[in-house]
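Before any comments, here is the structure.
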Amino acid sequence: MERAATHRPGRPKAALEPRLAEHARPLWGLCYRLTGSSADADDLVQETFLRAIERPPPRPDEPLGPWLTRVALNLGRDALRQRKRRGYAGTWLPSPVEVEELASFELEGPGGTEGRYDLLESVSFAFLLALEVLTPNQRAVLLLRDVFDRSVRETAEALGLSEANVKVLHHRARAALAPYDAARERTRPTPALADEAARALQRFVEALASGDEAALAGAFAEGAEVWSDGGGEFLAARAVVRGVDRVVRLHLGLMKKSSPIVRLAFRAINGLPALVAERDARPREAPRIVLACDLDASGRIARLYSVLATAKLTHVAPVAG
């Protein structure tokens, strides 16, 4: 059922919609970082705009951006709580998103984007997975304080919390991210790391295509992990696969049983190179797969991320040809 829109005098829908469009990109980037889900970010931006049209802010003379940010953050925290309650079929991974959609925007307000974590790092798979250990409030506080460089006061106003509560949440969030911080030099997107990641994925693909077990093992670090997200839709490992021997057996087995890859392309995904693979899939096989990775100090694959779920791939373009 459609909701009937009500409009206050002085801010008709026709006048409001162009102003909302100006905020779509920064709000989407905020919601994506908050949830790790491109589908959730799409929904949250639309719901935020609907709230603005149906129940506009009381002061039409004030900037619209901070009000939209507050609404989006409230909706986003609710979405995170619902996701935790529902659970997930198998291993959860962030939605892959091409860098052009993520790399450049600023939230409206006096702060900047020169926080502890820069914009590109804050969309990396490693960072978004690290955020999963936080509560929704901790996650929102950390993003506002350490990515978007908001003050304690600004963060409290945006989240409807006291400044004392913001300080406590921020301290706990930073403590929880200590393991990520200790290893971030191997995951933080840089041109040098991008070159290494592209080479590592190329070695992996060549070894897999040749069926060379020794070369495939050499592409992975000793404690390598494979994270696969089929969303309960496609055949995929439901738990993280750990150890070089198990990782090699997994991929060699998949090569024998799965339909062949017919299109393959490198893309800049979530700050680093990734592979987009497509095939003429049989039932329960994923027709598209995004493969991304984190590396160890020697440039070998420490984590291989495999995203198969259709709903996760809506912001990755098909491979041409």
Side-chain angles (χ1 to χ4, degrees), residues 6-8 10-11 15-37 40-41 43-84 102 104-119 121-123 127-128 131 133-177:
T6 59
H7 310 297
R8 297 182 182 178
R11 195 187 282 265
L16 187 60
E17 285 184 341
R19 297 184 62 201
L20 293 176
E22 297 172 6
H23 300 280
R25 185 180 177 88
L27 279 179
W28 193 93
L30 172 65
C31 292
Y32 175 73
R33 286 166 173 84
L34 184 63
T35 63
S37 165
D40 283 349
D43 291 343
L44 290 169
V45 171
Q46 291 305 310
E47 181 63 22
T48 298
F49 286 176
L50 186 61
R51 296 279 182 96
I53 290 170
E54 293 183 343
R55 298 187 294 277
R59 292 286 303 275
D61 56 316
E62 291 184 346
L64 189 57
W67 185 89
L68 293 171
T69 298
R70 286 194 294 273
V71 173
L73 287 167
N74 281 332
L75 294 171
R77 284 179 289 170
D78 286 344
L80 281 173
R81 295 182 187 104
Q82 291 169 14
R83 189 175 82 198
K84 297 293 185 182
L102 294 168
S104 174
F105 72 84
E106 293 187 12
L107 288 176
E108 184 176 336
T113 51
E114 299 297 328
R116 182 186 184 94
Y117 309 105
D118 65 34
L119 288 175
E121 179 179 8
S122 68
V123 297
F127 185 80
L128 292 173
L131 294 184
V133 304
L134 306 181
T135 67
N137 278 343
Q138 288 172 349
R139 189 162 177 157
V141 166
L142 186 103
L143 288 173
L144 290 176
R145 295 284 288 121
D146 287 348
V147 175
F148 297 107
D149 200 26
R150 294 298 188 258
S151 69
V152 172
R153 179 181 59 80
E154 292 160 355
T155 301
E157 290 176 353
L159 298 173
L161 301 171
S162 69
E163 293 186 21
N165 199 0
V166 165
K167 291 177 182 178
V168 170
L169 289 165
H170 190 208
H171 175 75
R172 290 176 177 171
R174 280 196 170 181
L177 256 64

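Reckoned from all heavy atoms, side chains included, excluding hydrogens, waters and symmetry mates. Owing to the predicted nature of the structure, the values given are computational and were not obtained by experimental measurement. Residue indices begin at 1 and follow the sequence shown.
With sequence neighbours excluded, the residues satisfying side-chain contact (heavy atoms from CB on, under 4.5 Å) with Ser122 are Arg33, Phe127, Val147. For Lys84, the side-chain hydrogen bond (donor to acceptor under 3.5 Å, both in side chains) test picks out Glu132, with sequence neighbours left out. For Arg172, the salt bridge (Lys or Arg N to Asp or Glu O under 4.0 Å) criterion is met by no residue, not counting sequence neighbours. Remark: Arg145 pairs with no residue by the salt bridge (Lys or Arg N to Asp or Glu O under 4.0 Å) rule, at least two apart or across chains. Partners of Asp78 by side-chain hydrogen bond (donor to acceptor under 3.5 Å, both in side chains), not counting sequence neighbours, listed by chain and number: Arg81.
Put simply, CH2 on Trp67 and CZ on Arg51 are 8.5 Å apart, with the number rounded to the nearest 0.5 Å. Taken from CG in Leu144 to CG in Leu34, the straight-line distance is 8.5 Å, to the nearest 0.5 Å. How far CD of Gln138 is from CG of Leu143: 12.0 Å, rounded to the nearest 0.5 Å. Rounded to the nearest 0.5 angstrom, Asn74 CG and Glu47 CD are separated by 12.0 Å. Taken from NZ in Lys167 to CG in Leu161, the straight-line distance is 13.5 Å, to the nearest 0.5 Å.
Considering only heavy atoms from C-beta on, Asp146 comes within 4.5 Å of His170 through its side chain. Residues Leu134 and Val141 form no side-chain contact, since every pair of their non-hydrogen atoms from C-beta on lies 4.5 Å or further apart. A 4.5 Å side-chain heavy-atom check between Leu44 and Trp28 finds every atom pair outside the cut-off. Gln46 places none of its side-chain heavy atoms less than 4.5 Å from the side chain of Asp43. Asn137 has its side chain out of reach of Leu159: every pair of non-hydrogen atoms, C-beta onward, lies at least 4.5 Å apart.
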List the steps and the verdict of side-chain contact (heavy atoms from CB on, under 4.5 Å) for Leu80 and Arg83. CA-CA 5 Å; Leu80 281 173; Arg83 189 175 82 198; 3.8 Å; yes
Kindly indicate, with the supporting measurements, whether the criterion side-chain contact (heavy atoms from CB on, under 4.5 Å) is fulfilled by Leu73 and Leu30. CA-CA 8 Å; Leu73 287 167; Leu30 172 65; 4.0 Å; yes
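Contact between Phe49 and Leu20 at its shortest, heavy atoms only, is CZ-O, 3.1 Å. Across all non-hydrogen atoms, the minimal contact from Leu27 to Ala72 is CD2-CB, 3.9 Å. What you find for Leu68 and Ala52 is that their closest heavy atoms are CD2-CB, 4.0 Å. Of all the heavy atoms in Ala41 and Tyr32, the pair that sits closest is CB-N, 3.7 Å. Heavy-atom minimum distance, Arg77 versus Ala140: CD-CB, 4.1 Å.
Residue pairs meeting the side chain to side chain donor-acceptor pair (under 3.5 Å) criterion with at least one member in residues 155-164, sequence neighbours excluded: Arg153-Glu157.
Screening Leu169, Leu131, Thr35 for a side chain to side chain contact (heavy atoms under 4.5 Å, CB included) with Arg139, the sole residue that qualifies is Leu131.
The closest donor-acceptor contact from the side chain of Arg150 to the backbone of Ala158 lies at 3.5 Å or more, if one exists at all.
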